[in-house]
Undergrad: 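One structure, pasted below without further comment.
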Amino acid sequence: MTNGNGWTGPVLVTGTDTEVGKTVVTAAIAAAAQAAGLRVAVVKPGQTGTATGEPGDVDSVTRLAAPLTGRTLASYPDPLAPLAAARVAELEPLELYAAVDAIREETDKHDLVLVEGAGGLLVPMGLRPSGEPWTVADLAVSLGAPAVVVVRAGLGTLNHTALTLEALERRAVPAGVVIGAWPGEPELVHWLNLSDLVPNLLGAVPMGAGGMDPGVFRRSAPGWLTPALYGVLDDWRAWAEEIS
């Protein structure tokens, strides 16, 4: 859904792979939306790799963007796909409709609910009541939610991005793309990829943004995103000239 300016309701944040910048992009969208006056919640259905005691993804988003609500539905100690991590730890896997109900509960109380996946679009997240695995793509379909696909800037991104967008299109899930870590000194491959991504591009977050002071991050985030994600970036040519 949109409110005339940007996406509202539940919005899935997925990626072409792991470690592409989903958490920082989620934080940037949350910061921009809150600056625009929206009530924002961030939900992480399945957090893995908690055995080290390091902050989870919702903790990182909260530090950077301070959304109204941050919620993790299930946590598992091993750094694996959520369903695999649940099996290894002999813990209950997350059930699809329990996740759907929890996200809808937050949607009733917030204008925008950002749902950050794990890894890529088709990573097994948990189990359906039938015992079959479900993915972030299944969650998007069940919620009727659009998806933000976080992608790399460099070599290989065009194929991975096209595959992910095609999988979403086949499921009738509207989607746009955000570059998760735009390099400070882009090379030819980055500029060429940018040109190919522009038709679907909703933003580009600078490399290292996650290490910024939270106040600077929140003030800067709208400049990284287009109006669909509550940013002010509306001219990619001007943006490219400014940072080059």
Side-chain angles (χ1 to χ4, degrees), residues 1-15 21-46 57-58 60-62 64-73 96-118 121 125 135-151 164-165 167-169 171-180 199-205 209 217-234 236:
M1 296 174 59
T2 68
N3 65 358
N5 295 308
W7 290 357
T8 57
V11 174
L12 275 292
V13 181
T14 187
K22 291 189 298 297
T23 299
V24 176
V25 169
T26 300
I29 300 169
Q34 291 201 141
L38 275 70
R39 298 168 298 167
V40 179
V42 174
V43 177
K44 181 80 174 180
D57 292 339
V58 168
S60 297
V61 173
T62 298
L64 289 169
L68 183 62
T69 299
R71 184 174 175 186
T72 302
L73 303 184
L96 173 59
Y97 298 109
V100 169
D101 289 345
I103 294 163
R104 285 180 174 158
E105 179 183 328
E106 299 304 333
T107 303
D108 290 339
K109 298 181 288 187
H110 301 82
D111 303 305
L112 176 66
V113 180
L114 298 169
V115 183
E116 184 188 344
L121 181 68
M125 297 290 296
T135 67
V136 171
D138 297 319
L139 187 58
V141 171
S142 296
L143 291 167
V148 172
V149 180
V150 183
V151 307
T164 302
L165 291 176
L168 288 165
E169 184 179 3
R171 293 166 172 81
V173 175
V177 168
V178 175
I179 297 172
N200 297 299
L201 206 53
L202 299 179
V205 175
F217 183 93
R218 294 169 203 173
R219 291 192 297 272
S220 303
W224 306 330
L225 305 168
T226 66
L229 298 179
Y230 299 94
V232 297
L233 202 171
D234 59 3
W236 283 106

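Here the structure is a predicted model, which means the values were calculated and not measured. These values consider heavy atoms only, across backbone and side chains, with no hydrogens, waters or symmetry-generated copies.
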Undergrad: What pair of heavy atoms forms the shortest contact from Pro146 to Pro10, and how long is it?
TA: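 Scanning both residues completely, I find the closest heavy atoms to be CD-O, 3.5 Å.
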Undergrad: Which heavy-atom pair separates Leu233 from Gly223 by the least distance, and what is that distance?
TA: CD1-O, 3.5 Å
Undergrad: Test Thr107 against Leu143 for side-chain contact (heavy atoms from CB on, under 4.5 Å), laying out the working first.
TA: CA-CA 10 Å; Thr107 303; Leu143 291 167; over 6 Å; no
Undergrad: Give the C-alpha distance, both sets of side-chain angles, the deciding distance and a yes or no for side-chain contact (heavy atoms from CB on, under 4.5 Å) between Leu114 and Val61.
TA: CA-CA 11 Å; Leu114 298 169; Val61 173; over 6 Å; no
Undergrad: So which pairs with a foot in residues 141-151 pass side chain to side chain donor-acceptor pair (under 3.5 Å), sequence neighbours left out?
TA: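 Not a single pair qualifies under side chain to side chain donor-acceptor pair (under 3.5 Å).
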Undergrad: Flag the pair Val24 / Phe217 as yes when at least one side-chain heavy-atom distance between them is below 4.5 Å, and no otherwise.
TA: yes
Undergrad: To the nearest 0.5 angstrom, please state how far the CD1 atom of Ile103 sits from the CG atom of Leu73.
TA: 6.0 Å
Undergrad: With a 3.5 Å distance limit and no angle check, can you tell me whether Glu116 reaches the backbone of Val42 through a side-chain donor-acceptor pair?
TA: no
Undergrad: In the structure I gave you, are the side-chain heavy atoms of Ile29 and Trp7 within less than 4.5 Å of one another anywhere?
TA: no
Undergrad: Report the C-alpha distance between Leu225 and Leu202 in whole Å, list the side-chain angles of each, state the deciding distance to 0.1 Å, and finish with yes or no for side-chain contact (heavy atoms from CB on, under 4.5 Å).
TA: CA-CA 6 Å; Leu225 305 168; Leu202 299 179; over 6 Å; no
Undergrad: Please report the shortest heavy-atom distance between Leu12 and Ala145, naming the atom on each side.
TA: CD2-CB, 3.6 Å
Undergrad: Do the side chain of Arg39 and the main chain of Leu112 share a donor and acceptor less than 3.5 angstrom apart?
TA: no
Undergrad: How far apart are the closest heavy atoms of Thr8 and Val11, and which atoms are they?
TA: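 Taking Thr8 first and Val11 second, the nearest heavy atoms are O-CG2, 4.3 Å.
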Undergrad: Quick one: does any side-chain atom of Tyr230 pair with a main-chain N or O of Ala30 as donor and acceptor, under 3.5 Å?
TA: no
Undergrad: For the atom pair OG1 (Thr23) and CG (Leu64), what is the distance rounded to the nearest 0.5 Å?
TA: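 Between atom OG1 of Thr23 and atom CG of Leu64 there are 9.5 Å.
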Undergrad: Tell me whether Asp138 contacts the main-chain N or O of Thr135 through its side chain, where contact means a donor paired with an acceptor under 3.5 Å.
TA: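 Answer holds: yes.
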Undergrad: Is any side-chain heavy atom of Trp236 closer than 4.5 Å to one of Thr226?
TA: yes
Undergrad: Heavy atoms only: give me the nearest Ala118-Val136 pair and the separation to one decimal.
TA: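 Distance-wise, the nearest heavy atoms are N-CG2, 4.3 Å.
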Undergrad: Check whether any side-chain N or O of Lys44 sits under 3.5 Å from a backbone N or O of Gly117 as a donor-acceptor pair, and report yes or no.
TA: yes
Undergrad: side-chain contact (heavy atoms from CB on, under 4.5 Å) with Glu106: which residues, sequence neighbours excluded?
TA: Ala41, Val43, Thr69, Arg71, Lys109, His110, Val113
Undergrad: How many angstroms lie between CG in Leu139 and OG1 in Thr14, if you round to the nearest 0.5 Å?
TA: 10.0 Å
Undergrad: Please report the shortest heavy-atom distance between Leu165 and Ala175, naming the atom on each side.
TA: CD2-CB, 3.9 Å
Undergrad: Examine distances only and state if a side-chain atom of Gln34 and a backbone atom of Leu68 form a donor-acceptor pair shorter than 3.5 Å.
TA: yes
